Amino acid sequence: MDQKTEKLLEQLNAFTRRTHTLDEVYLFDLILCDNEIDRDGDCFSDAALAELQKRFVGVTGIFDHNPKSTNQTARIFRTELRTEPGRLTKAGKPYRCLAANAYMVRTEGNADLIREIDAGIKKEVSISCAAGARVCSICGANHLRKPCTHIKGRSYGGALCYTTLDQITDVYEWSFVAVPAQRRAGVTKTLGGTACDAETEILRAAYDDALSLLDRVSEFLRRDVIRLCYRWGENGTSKELAKSVLHMDTAELLTLRQSLMMSMEPVSQKPQLVPDSHEAEKAASPFSCGAAQRSEGRG
Ligand SMILES: [Zn+2]
């Protein structure tokens with residue numbers, strides 16, 4: 001056992017009731033999150049990363065959000081902030097990520113899971129935490145207190161709009177999931193494992209490209225729905241509705257778009273047999289679809 005592994009084992013054993021040997025545990029590294037702008041247009045501030053670094057030590061991870069797999073839990077026993085010299089985020093800041101060392105006690109029950117992590121199948125990690133501030137990069141508004149009209153992903157006078165998550169007040173869990181919001185999050189290395197091969201890198205690049213295309217389609221859709229909201233009515237209601245669009249996911253945007261388009265159809269295209277006036281009013285309002293009231297939020 002090399003010195004580094006020995007040190008890790010020592011740190012791990014500080015978390016267990018009895019001392020474990022290297023044979024008894026499975027050690028792996030993961031990237032929990034970073035300060036790069038993610039698929040949702042959010043990033044963590046440096047202060048948030050530092051707070052997460054402190055709070056994630058000792059936190060248990062779950063797999064596929066399946067709480068029944070009691071043998072399949074891993075625990076973080078060490079965290080560190082890493083920088084990559086010369087690398088900048090999309091916002092032009094020095095890149096920083098929060099890396100962690102985790103362990104699982106090897107059992108018959110988790111042998112398959114360990115094989116999957118080794119093979120890179122279980123790779124993506126997502127974290128959940130509570131942030132006290134979500135700050136707009138354009139106007140500095142904290143969206144938790146005061147919404148603004150800037151749209152994430154859009155450029156304002158050459159500056160990209162995104163939200164910075166700050167003031168971490170709690171961390172809940174970390175888990176392996178199919179698609180994490182944070183692109184780079186995931187298992188980076190397992191002890192004794194091998195580095196990624198070229199083919200994996202090509203597939204990873206293709207996957208990133210596909211995600212980026214998805215981002216563009218979803219932003220186009222968001223802008224289009226906002227345009228429809230304003231066309232839908234001249235009153236203050238359309239403005240409020242347009243504001244709520246900022247927090248909708250793609251499925252909700254599609255539902256609302258459908259609803260708006262239907263309500264703006266010329267009368268002659270509507271079926272001749274119409275419901276009574278109250279029902280017709282309800283059907284014509286985009287608020288009748290649940291999507292308008294729902295908003296997504298992280299943490
Ligand atoms: Zn703003």
Side-chain angles (χ1 to χ4, degrees), residues 33-52 88-97 126-170 180-185 211-257 260 286-287 291-299:
C33 54
D34 57 24
N35 64 347
E36 183 57 281
I37 301 164
D38 68 15
R39 288 194 306 130
D40 299 328
D42 297 327
C43 70
F44 286 106
S45 69
D46 286 348
L49 286 178
E51 189 60 35
L52 290 168
L88 298 177
T89 65
K90 274 183 250 168
K93 294 181 178 147
Y95 177 82
R96 250 182 212 104
C97 68
S126 96
I127 64 167
S128 68
C129 63
R134 300 172 67 100
V135 181
C136 170
S137 63
I138 304 299
C139 68
N142 177 357
H143 288 173
L144 296 181
R145 297 229 176 84
K146 181 179 136 223
C148 68
T149 51
H150 300 116
I151 299 165
K152 288 191 279 188
R154 224 189 224 187
S155 175
Y156 295 85
L160 178 67
C161 178
Y162 58 92
T163 307
T164 303
L165 307 175
D166 200 13
Q167 297 171 21
I168 301 299
T169 53
D170 215 345
Q182 288 245 317
R183 277 189 184 133
R184 296 256 310 173
L211 287 181
S212 147
L213 180 65
L214 198 64
D215 284 349
R216 290 207 296 276
V217 170
S218 126
E219 267 325 299
F220 175 83
L221 177 64
R222 198 180 304 275
R223 283 203 291 274
D224 189 52
V225 172
I226 287 172
R227 179 184 63 84
L228 287 172
C229 284
Y230 282 106
R231 220 181 98 193
W232 175 68
E234 295 302 321
N235 52 28
T237 336
S238 62
K239 198 176 167 188
E240 281 306 305
L241 185 61
K243 224 183 246 179
S244 71
V245 166
L246 299 179
H247 306 289
M248 288 181 189
D249 62 28
T250 308
E252 290 167 340
L253 288 171
L254 285 168
T255 309
L256 178 57
R257 188 182 196 283
L260 286 165
F287 289 108
Q293 272 106 44
R294 279 177 56 202
S295 75
E296 61 168 345
R298 197 167 64 169

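Everything numeric in this text was worked out from a predicted model, so none of it was measured. Every number for a ligand or one of its atoms is a count from 1 in the order of the listing.
When you scan the N, O or S atoms of His150 for the one nearest the Zn ion (ligand 1), you land on ND1.
An angle of 110° is found at the Zn ion (ligand 1) between Cys136 atom SG and Cys148 atom SG, rounded to 10°.
For the atom pair SG of Cys43 and NZ of Lys93, the computed distance is 6.0 Å after rounding to the nearest 0.5 Å.
Residue Leu160 comes nearest to Ser137 through the heavy atom pair O-OG, 3.0 Å, listed as atom of the first residue, atom of the second, then distance. Taking every heavy atom of both residues into account, Tyr156 and His150 meet most closely at OH-CA, 3.3 Å.
Under the 3.5 Å distance criterion, the side-chain polar atoms of Asn35 are matched with a main-chain donor or acceptor of Arg96.
In summary, Cys139 places an N/O/S atom under 2.8 Å from the Zn ion (ligand 1), meeting the contact criterion.
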